[in-house]
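The structure under discussion appears below in the form of structure tokens.
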Amino acid sequence: QVQLVESGGGLVQPGGSLRLSCAASGIIFRLSTMGWYRQAPGKQRELVATIFSGGSTDYADSVKGRFTISRDNAKNTVYLQMNSLKPEDTAVYYCNTGNPPTYWGQGTQDTVSS
């Protein structure tokens, strides 16, 4: 019933930008906490950003000032705008909902390389 579908991943050069989208269904989106995690090969899954139902946000220190999480309740979609990308940002990015997370998307691969 609950589905989270990510899109927007791809290959980008260092210093470039990428915008991820996550379309949600089967939840009361306007009341839901949404977030993004990422996992690089050989590393543990890392919380990147969270946006709460009221619109407040939280970011990992490694992405502060570079990434922006936002939501469009009319479209049941959460976004992650990633700027000034670094090779260490390379990972599979997962959309999630719930606090703590209870549902996950399938993930989208972001590769930052020249």
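Looking at heavy atoms from C-beta onward, V48 lies out of side-chain contact with Y37 at the 4.5 angstrom threshold. Put simply, the side chain of R30 does not reach to within 4.5 Å of the side chain of S53, judged on heavy atoms. Side chains of D110 and V12 form no contact here, defined as non-hydrogen atoms less than 4.5 Å apart. Residues F29 and R71 form a side-chain contact, since some pair of their non-hydrogen atoms from C-beta on lies under 4.5 Å apart. For the pair E6 and W36, the minimum side-chain heavy-atom distance is below 4.5 Å. Using a 4.5 Å heavy-atom cutoff, the side chains of M34 and I27 are in contact. Residues L85 and F67 have side chains in contact (heavy-atom distance under 4.5 Å, counting atoms from C-beta outward).
Side-chain contact of Y93 with R38: a donor-acceptor pair under 3.5 Å is present, judged by distance alone.
In this structure, the side chain of Y59 engages the main chain of I69 through a donor-acceptor pair within 3.5 Å. Between the side chain of S32 and the main chain of T97, no donor-acceptor pair closer than 3.5 Å is present. The backbone N or O of G35 lies less than 3.5 Å from a partner atom in the side chain of N96, making a donor-acceptor pair.
Closest approach of S113 and P14 over heavy atoms only: C-CD, 3.6 Å.
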